[in-house]
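Below you'll find the structure, written out as structure tokens, and then a few comments.
Keep in mind the model is a prediction, meaning the values are calculated, not measured.
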Amino acid sequence: MYFSFKQKTSSKVYLNYTLAFLVVAFFVYGTYLITGHELIWYLDGANQHLPLLQNFRSAVLDFLHHPFEPLEQWSFKMGLGSDTFQVYSYYSLGDIFSYLIILFPASKVVLGYQCLIVFRLYCAGLAFCFLARHFNFSQKIIVSGALVYLFNAFLLYSNIAQPFFTTPFILFPLLIVGIERILQGKSHWFLTFIFTWMLLSNYYFAFVLGIGAFIYLVLRFFIYYRQQKDWPKMIAKLALATILSLLMSAIMLIPEILAVTNSTRSATTFANGLKVYPLYYYLALPSQLINGGNRDFYFWSALGFASISFFAILYVLAKAKTYPLLTSVFGLSLVMLAFPCFGAFFNGMMSPSNRWTLMLVLPVSLSVCLLLNKIKSLSPKMLRYFTFSLLIYTAICSTIYYFQSDEKLFIPMLFLFISLGGIYLAKQNFFGDNQKALLLIILANVCLNALYYEAPYNGGYSDEMLATGAYDKLQTNRFFGLDQDLTATDQYRVSTTSQNYDLGANYHLHNALNSSVNQISSYYSIQNKFVGIFANNMQNLQYEANIPLAQIDDRTILNNFLGVKYLFNQLNQPNDDKIPADYTLTKATRKVSDINQQTSKDQQVRMFSTDNAFPLVYFQNRVITPKQYAKLSSSQKERALASGVVVDKQIAHSLTQANLTKQVIDLDYQIISSRGNLVDPSSLTKEDPAETYQIILQLPDDQATLNLLKSSELHLELSDISYQPFSLDKQVKLETQKETNDLTKGFLASNSSLASYKYLRTSILQGSPDNSFSLSVTSNLGTEKITQPKQSALSFYKVVKDTTMNIGYFNDGLPTSLKLTPSKLGTYHFKLKVVAIPLNQTYTKEVQKIQQNALQDLTFKTNQVSGNITTTSAGILTSSIPYSKGWTANVDGQKVPVLKTNQAFIGVKLNAGKHQVTFSYQTPGLLLGAKISLLGIILTLLCWLLERFKIKFYKNTN
């Protein structure tokens, strides 16, 4: 492949590309318009990207109007509170396209968000055309390659689901051009600019693209440029471009690196513990290459190219000596796709996510261009090679289809044969304008792939989009008007009951960013690790790295501690009766009764409130040492939140220790199977899919304890959890045995061969046997479930060893039994402790004392919270504001150390007396990064001026 900076294809190619893009965009985005959907994905789009973009627009305009006002670096609107710079730096701060939203009025931000989605994709195509013009390709060939580059399964999904995922497709071709400029002895400035843009845009993709660019540089140098004599000069230019870009982007990079290393993601298991992928991954991988309608992105191996790509790759591999770089890339990619360690490496040493395949799109698209460019010179041997390979590939895909029954393969397989036919006819010059004919075939292929991908049939992608106008309704009516009279303040928070607040269209309220009230749940890629530590200390059942709190499993004291004053809940949804203690019904919408008088379908939204919410900042004169704390169970730790505050030993030794005795009551129990057997939880073996289990509670005999238990919350504490699945053969045999012995369907329905095949197929497609499982417990208040995710859950994967399940608050005595349901066949091992937390007058008095000791005259300013307090003894001013090294504190005008209280929140030590306290926040690393960036800009200007002076001097002397 000859990369030239001299002979370039006419710039009219951009016009032709634009016309082709508009045609395909009509099918891609028009489908959503026709089906009544907006380009707003129900999960990340509605919870993260769009609300953050709305707030980002307001922040940019505020800065433009008031450039000398301090920038907000901490927000209480993001869950418990979060560093805004660190959140926005991942999603929008370094993304140049985000700034275009200011061109849209506030009332049209939703429209602007969708326009930017389309515009980003269009720019990705422009970047490909810019690169392809450096090769000896015609305009039609470049447009054909651009269609392959843009309209594949990866971008059909991600350009809408996570819009900024499109930016790497813009940057990567430009990176290649910049590297080539240096390899061919030209200036480093273009690469310096692209490197800086890459580093500013998003640290994650900068990491991925940086590795990809380095691999390209090494391969390109050793294959084509290793004989170059001026390689020291070339290395110097590459080093200078890298150093200058790193310096100029430090204002983003340093805070981002600190944020990631202090986030919940920093403790993940490498490759989710996988050495190889599950069998279903390898079975599906061949068809993934052309399956443009596919959305089963197993470990993010999202390929789905136009079908002609199959022959383009074959052509390059057959011409390995002519195209050694592309051949090396395809060989390396195949190895990398085969093993999880490579996906994990590109994913920052975390889950095995093959998002790096975004870089594979470029060589595949260029290969299509090469094939089309040589279409007339294809030899009969090459055509036979294509035909034979197609027959083998068809046989493989047909076998996989028989096993998977994936109807999405129909269009791609059809176009495999159409593409081969087109190649044969073009070789014979049948069309006259062969390049135009093949362009039309590719155009039809990607359009039909897109239609199949988006159409709302069989789980089409449009089913995951919000309906037209739904987001606007969400913004104004997420709490159905029940929050209209609530005071907009940062002093208290709200929540919903767990698994309950379903607003339809698969949308769940993970974030309430633009609401007037603050919600404890937050869903962002970067989460404060101390919030995660707190959640794990409490063994929060709902913990995810991206969503560390959720609704904290409706646990009463946790809700109180986090300042949840109001709870929202929907009638006839899961857990609608699982209301924490002392939350009473305050308001409700008008009940909508089912027209067929089925009360289970009645609809109503309710708001509950409590007087037991802790203040945001309060004084506590009782302390708990880390050694004491470590001995407590999760339920005891939760109960201790009202009795004292955890601080370092050096601080605690001079203060009064909290009394933590008899706050939690242990209960005896037995587990009985539906077969009447007594079961030991340390070795629960389930061999019958229909077998169930009962946890029989044995309440104490003494009346005093029974009185305490009348108003208490029931917890199941599970520890040392493990699951050992049966072998595949045994699983299939047991499932088959159960079905063939089930005579309720009639004895003629028994078919052991079919049942055996069905369960074998299901097990393989589900990756079984694997370590995923769930344990469900059902009471009259609802069902709670512990889930060990599959290793394919990527960033949502976690290893569940210890957890606590809140069965609910019972104000009239505890239940006598609970239903336990393991999800899968196999052997379960766990230690189970059943405990009750009395929520009586003792607890209420402790809460009232805390409320009396709240920081008074609480004042919120940008990056600052302050207030006054008078104490009669020494103690700790603690809070539920997440800890970060960015916090500083002043007491009575003097700077004092910020304490980490309850292992996760900010506080300070106070002596007896009257105090004025101020907490201030600055993003860690931001000031240092700004100074380094300023230095980088100065050095860059000096380098540019030096080069200009040198050039001018050289010209004058000659």
- prompt: What do the steps show when you test Tyr14 against Phe130 for ring-ring contact (aromatic ring centres under 6.0 Å, His included), and what is the final call?
  reply: CA-CA 9 Å; Tyr14 296 118; Phe130 176 74; 7.6 Å; no
message: Quick check for you: to the nearest 0.5 Å, what is the distance between Tyr452 atom OH and Leu409 atom CG?
response: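 Reported value, rounded in 0.5 Å steps: 9.0 Å.
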Straight-line distance of Ile141 CD1 to Phe135 CZ, nearest 0.5 Å: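 CZ of Phe135 is found 13.0 Å from CD1 of Ile141.
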Flag if over 12 foreign heavy atoms under 6.0 Å of [atom1], [X]:
X: Phe26; atom1: CZ; result: no
X: Tyr99; atom1: OH; result: yes
X: Phe410; atom1: CZ; result: no
X: Phe330; atom1: CZ; result: yes
X: Phe430; atom1: CZ; result: no

By salt bridge (charged side-chain N to carboxylate O under 4.0 Å, His left out) - contacts of Asp463 (at least two apart):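 None.
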Whether [X] side chain and [Y] backbone form a donor-acceptor pair below 3.5 Å:
X: Ser379; Y: Met382; value: yes
X: Asn445; Y: Ser307; value: yes
X: Ser4; Y: Lys6; value: yes
X: Tyr122; Y: Thr18; value: no
X: Tyr298; Y: Ser792; value: no
X: Gln184; Y: Phe3; value: yes
X: Gln288; Y: Leu303; value: no
X: Asn373; Y: Asn136; value: yes
X: Thr9; Y: Phe137; value: yes
X: Asn354; Y: Ser301; value: no

Could I get the full list of side chain to side chain donor-acceptor pair (under 3.5 Å) partners for [X], not counting sequence neighbours?
X: Tyr204; result: Asn347
X: Thr399; result: none
X: Asp44; result: Gln162, Tyr523
X: Lys237; result: none

Please list all pairs meeting salt bridge (Lys or Arg N to Asp or Glu O under 4.0 Å) that have one or both residues in [range], counting only residues at least two apart or in different chains.
range: residues 156-173; answer: none
range: residues 375-394; answer: none
range: residues 171-185; answer: Glu180-Arg220

Using every non-hydrogen atom in the two residues, find where [X] and [Y] come nearest and quote the distance to one decimal.
X: Ala20; Y: Val143; answer: CB-CG1, 3.6 Å
X: Ser98; Y: Ser92; answer: OG-CB, 3.4 Å
X: Gly292; Y: Tyr453; answer: O-CD1, 3.4 Å

message: Taking ring-ring contact (aromatic ring centres under 6.0 Å, His included) as the cut-off, I'd like each qualifying pair that reaches into residues 359-390, sequence neighbours left out, listed once.
response: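 Every ring-ring contact (aromatic ring centres under 6.0 Å, His included) pair that includes a residue of residues 359-390, provided the two are not neighbours, is Phe311-Phe386.
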Which donor-acceptor pairs under 3.5 Å do the side chains of residues 168-176 make with protein atoms, sequence neighbours left out?
none

task: Please list all pairs passing the side-chain hydrogen bond (donor to acceptor under 3.5 Å, both in side chains) test where one or both residues lie in residues 410-428, with sequence neighbours left out.
output: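 Qualifying pairs: Thr387-Tyr424.
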query: Do the ring planes of Phe164 and Phe205 sit parallel (below 30°), tilted (30 to 60°) or perpendicular (above 60°)?
result: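 The rings of Phe164 and Phe205 stand perpendicular, inter-plane angle above 60°.
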field: Steps toward side-chain contact (heavy atoms from CB on, under 4.5 Å) verdict (Trp189, Leu244)
entry: CA-CA 10 Å; Trp189 288 112; Leu244 291 178; 4.3 Å; yes
Please list, one pair per line, the donor and acceptor atoms closer than 3.5 Å that link side chains of residues 190-200 to other protein atoms, with sequence neighbours excluded.
unit_1: Thr192; atom_1: OG1; unit_2: His188; atom_2: O; d: 2.9
unit_1: Thr192; atom_1: OG1; unit_2: His188; atom_2: ND1; d: 3.0
unit_1: Thr196; atom_1: OG1; unit_2: Thr192; atom_2: O; d: 2.7

- prompt: Can you check ring-ring contact (aromatic ring centres under 6.0 Å, His included) on Trp356 and Phe207, steps first, answer last?
  reply: CA-CA 10 Å; Trp356 62 266; Phe207 177 77; over 10 Å; no
